[in-house]
Amino acid sequence: MAVQFFNTLSRRKEQFNPIVPGQVGVYTCGPTIYNFAHIGNFRAYMFEDLLRRYLEFRGFSVKHVMNLTDVEDKLIRACRETGESLKKITDFYAQAFFEDIDTLGIQRAHVYPAATDHIPEMVDMIKKLREKGHTYEENGSIYFKLSTFPEYGRLSNMQMESLRAGASGRVDADEYEAEEARDFALWKAWDEEDGVVFWETELGRGRPGWHIECSAMSVKYLGPHFDIHCGGVDNMFPHHENEIAQAQCATGQPFVNYWLHCAHLMVEGRKMSKSLGNFYTLRDLVEKGIDPQAIRYTLLATHYRQPANFTFEAAEAATQALRRIRDFRIRLEEMHGDGDMLEQECRKCSDEFTDEMDDDLNISGALGAVFNFIRDVNKKIDEGIVGSQGAANALALLDRLNHVTGVFAPAVEAAAPQEVLEQVAARQEARRNKDFAKADAIRDALAEQGWIIEDTPDGARVKRV
RNA sequence: GGCGGCAUAGCCAAGUGGUAAGGCAGAGGCCUGCAAAGCCUUUAUUCCCCGGUUCGAAUCCGGGUGCCGCCUCCA
């Protein structure tokens, strides 16, 4: 089977064929760095991470670009309210963002273009749009004239006529300067509220509209026509529609072949919101003592187009699932001698995993295949027929699948200190002497210190709780 | 008002016409000095509700109910 993705443009699964065989350009809408990202944001970044890793697993060479929005209304407000410079705020939250994606094991994109580093590119694109008659000016601001782009609305299936101006209640249509409320700003003229946040350009003193950065930067780093563009479903309209309008009108070429959109995350069955008290940043969850890998697992385990529900019970379940995986690896590492090569099990697992993932990244099915593999191999280990080579084959497979998912890694934990090992030895001695009361006392004492003792035919195994 | 998504066991969640994956939790058993880990059995006669199509539907169609997203800058 070939890789298939659900393309928002066609609303169906399509076989994935890159423009240049073997190479894939991926652009993903990144964070506005004005605050710590919340776990809903990370669900989207996790999906994009999985997409990129799976494409690489399937042999594609991927170039991944993710923008950082570092100039925008909320940021300017933050500057005004805190008195800090734009750069100080964005530098701080950009660093926090990178720390967070490292915590979650999300691979770094190849390029993280920041909007403020690409003002000339944006100005350039706006000039092209102006030359081609797609813009008009009002009070120094430049707007995109939607009526010049009949294709508008194709991605989100929105009929322009049906869009009610200001329906969301967030904008007072009367105050809007655009000829039509649907038109969007390419360039915003400076006003007093912007303070020192402005650029002097050929377009006048002002700042770019939000949408233009993604068009300008994606075209710069991936070319006018590239393969995949991702984002959350909320970005579909108007942001991605606007990107398409800007890019296609400016370059005269088709823009993106596959649009992939990630559904939202709910928390404890409700939409995440501060007023409901279920709004969490990654840092909040880590502070609660949840293993970042378990957070990764939880965010990853639901198919990306499915609305997901983050619960603390699910995070606990993920913690236990990871324990099962890690314990399985420990067992494999202890295998020795000749025995079953596990070739059949490995092939079955690998094939099923790939088939599931080929089908629009069906991670749930793929994880199911791996857990079936774990059970089948555990059974053979119980039968005592697995040797070191078979175990090595199984571990190699887990490593390969870990490159895709990041959840099949061995536990990262410090080796037991000497004192603990001495206690373990003392317990073994007690057991040999049938002094089980003493042996159990030592085990209980170690448990209180966070060490689990498991007796195996080859001796005691020491693990962190 | 318009457009779209979702509703599967206690929890998370696959499956989208052929008789309910997987993980966690629970129960019983094997193993163990006892545990832990592992394995086995078990846990939804049923997939939000009501109709319809079909030999057959969780899966298709119609109508409800509920939750979620978008409709100018929120993943």
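Naming: A, B, ... by sequence-line order, numbering from 1 per chain.
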- Message: Taking any heavy-atom pair under 4.0 Å as a contact, classify I453(A): base, sugar-phosphate, or nothing.
- Response: base
- Could you tell me whether R323(A) and D291(A) have a side-chain N and a carboxylate O separated by less than 4.0 Å? no
- Out of G33(B), A36(B), C68(B), which has the shortest distance to the side chain of E454(A)? A36(B)
- Task: Describe the nucleic acid contact of A308(A) in one word from base, sugar-phosphate, nothing, applying a heavy-atom distance below 4.0 Å.
- Result: sugar-phosphate
- Ring-ring centroid check H38(A) F279(A), cutoff 6.0 Å: yes
- Under 4.0 Å between a Lys/Arg side-chain N and an Asp/Glu carboxylate O for R207(A) and D73(A)? yes
- Item | F98(A)-Y112(A) aromatic ring centre distance below 6.0 Å | yes
- Carboxylate-amine/guanidinium proximity below 4.0 Å for K13(A) and D360(A): no
- For E356(A), which contact category applies under a 4.0 Å heavy-atom criterion: base, sugar-phosphate, or nothing? nothing
- Message: Please classify the nucleic acid contact of F371(A) as base, sugar-phosphate, or nothing, using heavy-atom distances under 4.0 Å.
- Response: sugar-phosphate
- Donor-acceptor pair under 3.5 Å: do we get one between R443(A)'s side chain and the base of C34(B)? yes
- Task: Quick one: label R427(A) by what it contacts on the DNA or RNA (base, sugar-phosphate, nothing), any heavy atom closer than 4.0 Å.
- Result: base
- Note on the structure: Walking RNA chain B from its 5' end, the first of R270(A) and C262(A) to be reached, judged by nearest nucleotide, is R270(A)
- Message: I'd like to know if D234(A) and K271(A) make a salt bridge, using a cut-off of under 4.0 Å between side-chain N and carboxylate O.
- Response: no
Could you write out each protein N or O paired with an N or O of nucleotides 39-41 of chain B at a distance under 3.5 Å?
from: C39(B); atom 1: OP1; to: R324(A); atom 2: NH2; distance (Å): 3.2
from: C39(B); atom 1: OP2; to: R324(A); atom 2: NH1; distance (Å): 3.3
from: C39(B); atom 1: O4'; to: D382(A); atom 2: OD2; distance (Å): 2.8
from: C40(B); atom 1: OP1; to: K379(A); atom 2: NZ; distance (Å): 2.9

- Tell me what I330(A) touches on the nucleic acid: a base, only sugar-phosphate, or nothing, going by heavy atoms under 4.0 Å. nothing
- Which of G33(B), G23(B), A14(B) is nearest the side chain of F436(A)? It is G33(B)
- Distance-only donor-acceptor test (3.5 Å): side chain R431(A), base G33(B): yes
- Message: Classify H264(A) by what it touches in the nucleic acid, base, sugar-phosphate, or nothing, heavy-atom distance under 4.0 Å.
- Response: base
- Classify the side chain of N235(A) versus the base of C70(B) as yes if they form a donor-acceptor pair under 3.5 Å and no if they do not. no
- Query: Are the charged groups of D351(A) and R347(A) less than 4.0 angstrom apart, N to O?
  - Reply: no
- Message: Using a distance-only criterion (donor-acceptor N/O pair, under 3.5 Å, no hydrogens), is the base of G15(B) paired with the side chain of N362(A)?
- Response: no
- Task: Look at all strands and tell whether H303(A) reaches a base, only sugar-phosphate, or nothing, counting heavy atoms closer than 4.0 Å.
- Result: sugar-phosphate
